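Hydrogens, waters and symmetry mates play no part in the numbers below; they use all other heavy atoms, side chains included. All values derive from a computational prediction rather than experimental measurement.
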Amino acid sequence: MSKRSVCIIGAGLSGLVTCKVFREDRDLFDVTVFEKTSDLGGVWNGDRAYGSLCTNNAKHTFGFADLEIPETFDEYPSAKQMLSYFNRYVDMFKLRESIVFNAEVSKVTEIEEGSDIYWEVLVNIDGVPHTRRFDLLVVASGLFEHPFIPSFPGASSFQGTIMHSSKTKDKTYVEGKRVLVVGCGKSAADMATMGAHHALSTHMVFRHAHWIMPQYSGGAISTRYCLYNRMIAYLLPYYDLEKVDHFVQHVLSLPRLVFQIVTQGAIMDSKLPKDSIFIPDIPMLSDMSFSIAPSGYYEAIQQGKITAAKTSIQEFVPNSKIVRFSDGSQGEYDLVIMATGFAQGFPFFSSDMSKRLDLPQWSHSGREGEDAFRLYRYLVPTKGNKNVGFVGFLSTSVNATVYELGAHWLTE
C-alpha cells in the first residue's frame, strides 16, 4: 500500500507533536510541515515571544508524553527554555527533516478526481511559489497566530502608540511612558507587571476580571498542587450529564463550594482585599480560563504601581493622547497595549471553502453564535471534506497532552 502524503501547516507545539505522531507510522504516512518563519516553536519562537513570556502551566504539566521537561527549568518555564525543549524534541525524533522553513501557505484548494479528494497547496518557500498535492491536510497554526485589536473611534489619529501585547517585546517599549493595558488575562498581567517596573505609570481597564492565580500559595506551595489534582477533576462541573452523573454532581455541590471558599481564600485573600475589582464575580471552578500571574504582579497592585478600572474604551480623542472610557472618565497615555487576545482564521481557505467546512472566515476567541469556532472534538469540521484536521485549537491546562491525543485520533 502506498503512503498517504500529509501536509501540516505550522511548526509550533501542536504542529510538532502532530508531525511526530504521524511519522511514527512511516509505512502509512509521508509528512511535510510548512512553517512560515525561519524557526520552530510558534508563540515560543524568539522572533514572536515577548521577553517576560512564560508558560501558564507548571513544567510538570506542560511537556510531551515521551520527553520530560528538565528539572533545571523554572517552575513556569520561560519562552527561551520552551524553545530549547522543542528543539530537543525535534532532534530526538528527527522531525527537522520533515519541516520546511520560510514556507508560508497562501492557498489551499480541494481537488476532486473521481472518487478521490486531494488538497492542492500553494506555498511560498523563500518567496518562491510552489504547488504541492497532498492526501491529508492538518492545520496546526494554532490559537495565537493572528493578534486581535478591536476598532475604536479616533484610533487612527491617536498621537500615542497602539500595539498588541504580542508585539511588546521588552521593557524598552514601556520605559518612561504612561501605559494603558486593555484586558485582564495572562498577557495583560505580564504587560502590566512590566509597566509597573519600567513605565512612568501603568493603568489597566477591563470589563470582567478573570482568575489570575499567583505562582505560589502562601509564598511556598506551587499553585499547581491546588489546581492540577484528581480532586479538582471530580469537582469540575460537566455538561450533557446522564442521570447518575447528575446525582454525583449534586452530591459534590457542597464539597465544591467548600473547596472554592478554602482555595480561593488561601490563594487570593493574602494578595487582594475582598472588594478588589481584580477578583472575578464568578467562582473559580466556573471560570476554567484562569491564568498564572507573573512574579511581582500582585505586589505591584498592592503598592499602587498598577491601577485599574472596570470599564472599556469608548474612544480615542482625535489628534491627542487622550483615551475616553465608557464610565465617563479619561486619561492621557503614551502607549496603549491591547492584551485582547487573538483571532482564529484561515486566509489560505477561500470563503467558499470555509463555508463548506462550516468554519467562520474569522473568529475572535470567546465569541459565540455564528462566529464561533466549531469543530467535532475540536479536531475535524462538522461538514465537508473529512481529509482535513485541526490540531491546537483547544485551549486547555494541559495543551501538549491534549494535542498529542488529538493527533493520535486523527491518524485513526
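Two residues are said to be in side-chain contact when any heavy atoms from C-beta on lie closer than 4.5 Å; L16 and I99 meet this criterion. Taking 4.5 Å as the limit, every side-chain heavy atom of D126 sits out of range of all side-chain heavy atoms of F101. Side-chain contact between S52 and D190 is present, with at least one heavy-atom pair separated by less than 4.5 Å. In this structure, the side chains of S141 and F393 come closer than 4.5 Å at one or more pairs of heavy atoms. Residues C54 and M82 form no side-chain contact, since every pair of their non-hydrogen atoms from C-beta on lies 4.5 Å or further apart. Between I111 and W119 there is no side-chain heavy-atom pair separated by less than 4.5 Å. Side chains of V100 and V33 form no contact here, defined as non-hydrogen atoms less than 4.5 Å apart. Side chains of E404 and V21 form a contact here, defined as non-hydrogen atoms less than 4.5 Å apart.
Considering CD1 of I301 and CD1 of I277, their distance stands at 9.0 Å, rounded to 0.5 Å. A distance of 13.5 Å separates OG1 of T311 from CE of M204, quoted to the nearest 0.5 Å. Taken from CG in L200 to CG in D334, the straight-line distance is 7.5 Å, to the nearest 0.5 Å. Here the CG-OG1 distance, from L335 to T168, works out to 6.0 Å after rounding to the nearest 0.5 Å. Of the inter-residue distances, the one linking K310 atom NZ with F278 atom CZ reads 10.0 Å to the nearest 0.5 angstrom. Atom-to-atom distance recorded for I149:CD1 and I162:CD1 is 7.5 Å, nearest 0.5 angstrom.
Between K59 and D74 there is no salt bridge, since no side-chain N of the basic residue sits under 4.0 Å from a carboxylate O of the acidic one. A salt bridge is absent between K321 and E332: the closest approach of a Lys/Arg side-chain nitrogen to an acidic carboxylate oxygen does not fall below 4.0 angstrom.
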Any chance you could lay out the side-chain contact (heavy atoms from CB on, under 4.5 Å) test for F34 and R132, step after step, and finish with the verdict?
-> CA-CA 11 Å; F34 291 128; R132 297 275 302 275; 4.2 Å; yes
Give the intermediate values and the outcome of ring-ring contact (aromatic ring centres under 6.0 Å, His included) for residues F64 and Y85.
-> CA-CA 10 Å; F64 298 116; Y85 172 72; 5.7 Å; yes
Step-by-step side-chain contact (heavy atoms from CB on, under 4.5 Å) determination, S312 to F325 = CA-CA 6 Å; S312 59; F325 303 104; over 6 Å; no
Checking side-chain contact (heavy atoms from CB on, under 4.5 Å) for the pair Y378/F390: CA distance, chi angles, key distance, verdict?
-> CA-CA 7 Å; Y378 289 90; F390 296 76; over 6 Å; no
Before giving the answer on ring-ring contact (aromatic ring centres under 6.0 Å, His included), spell out for F134 and Y118 the whole-Å C-alpha distance, their side-chain angles and the decisive distance to 0.1 Å.
-> CA-CA 6 Å; F134 297 91; Y118 303 94; over 10 Å; no
Dump the intermediate steps for salt bridge (charged side-chain N to carboxylate O under 4.0 Å, His left out) on R4 and D30, then the final yes or no.
-> CA-CA 6 Å; R4 304 186 75 187; D30 181 18; over 6 Å; no
Carefully, step by step, assess S165 and I337 under the rule side-chain contact (heavy atoms from CB on, under 4.5 Å).
-> CA-CA 6 Å; S165 57; I337 301 176; 3.9 Å; yes
Step by step, would you call F29 with F22 a ring-ring contact (aromatic ring centres under 6.0 Å, His included)?
-> CA-CA 6 Å; F29 302 109; F22 272 90; 4.9 Å; yes
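Within the structure, the ring-ring contact (aromatic ring centres under 6.0 Å, His included) test picks out the following pairs touching residues 153-184 (sequence neighbours left out): F158-F316, H164-F342. Among residue pairs with one or both ends in residues 140-160, those qualifying as salt bridge (charged side-chain N to carboxylate O under 4.0 Å, His left out) are K36-E145, R48-E145; sequence neighbours excluded.
The two atoms that bring L394 and Y403 nearest to each other are O-OH, 2.8 Å, heavy atoms only. In plain terms, the two heavy atoms of V179 and V181 that are nearest each other are CG1-CG2, 4.0 Å. Smallest separation of non-hydrogen atoms from S166 and P147: OG-CG, 3.6 Å. Nearest approach of V138 to T18, heavy atoms of both residues: CG1-CG2, 3.9 Å. Residues I313 and V182 share a closest heavy-atom pair of CD1-CG2, 3.7 Å. Scanning all heavy atoms of the two residues, the minimum distance from R23 to F93 falls at NH2-O, 3.5 Å.
A donor atom on one side chain and an acceptor atom on the other are not found under 3.5 Å apart for S5 and R133. N102 and S38 form no side-chain donor-acceptor contact under 3.5 Å, judged by distance and modelled atom types alone. Residues S350 and D352 bring no donor and acceptor atom of their side chains to less than 3.5 Å of each other. Donor-acceptor pairing under 3.5 Å is recorded for the side chains of S329 and D327. For the residue pair E104 / S106, no side-chain donor-acceptor distance below 3.5 Å is found, with atom types taken as modelled.
For the pair E120 (side chain) and T109 (backbone), a donor-acceptor distance under 3.5 Å is absent. The backbone N or O of L83 sits less than 3.5 Å from a side-chain atom of N87, completing a donor-acceptor pair. In this structure, S291 contributes its side chain and G185 its backbone to no donor-acceptor pair below 3.5 Å. Without hydrogens or angle criteria, S157 side chain to N319 main chain gives a donor-acceptor distance under 3.5 Å. Using a distance-only test at 3.5 Å, with no hydrogens or angles considered, a donor-acceptor pair links the side chain of E35 to the main chain of T37.
Ring geometry for H203 versus Y333: interplanar angle under 30°, hence parallel rather than tilted (30 to 60°).
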Show me the donor-acceptor pairs within less than 3.5 Å that the side chains of residues 65-73 make with the rest of the protein, sequence neighbours left out.
from: D66; atom 1: OD2; to: K20; atom 2: NZ; distance (Å): 2.3
from: E71; atom 1: OE2; to: H60; atom 2: NE2; distance (Å): 3.1

Under 3.5 Å, side-chain donor or acceptor atoms of residues 405-412 against the rest of the protein: list the pairs with distances, not counting sequence neighbours.
from: T411; atom 1: OG1; to: H408; atom 2: O; distance (Å): 2.6

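You'll find the ring centres of F62 and Y76 outside the 6.0 Å limit.
For NZ of K107, the number of neighbouring non-hydrogen atoms (other residues, nucleotides, ligands) closer than 6.0 Å is 12 at most.
For the salt bridge (Lys or Arg N to Asp or Glu O under 4.0 Å) test, residues two or more places apart in sequence or in another chain that qualify with R356 are E110. Residues passing the salt bridge (Lys or Arg N to Asp or Glu O under 4.0 Å) test with D47: none are found, sequence neighbours excluded.
Here the rule is side-chain hydrogen bond (donor to acceptor under 3.5 Å, both in side chains) with Q330, and of Q314, E315, R324 only R324 fits it.
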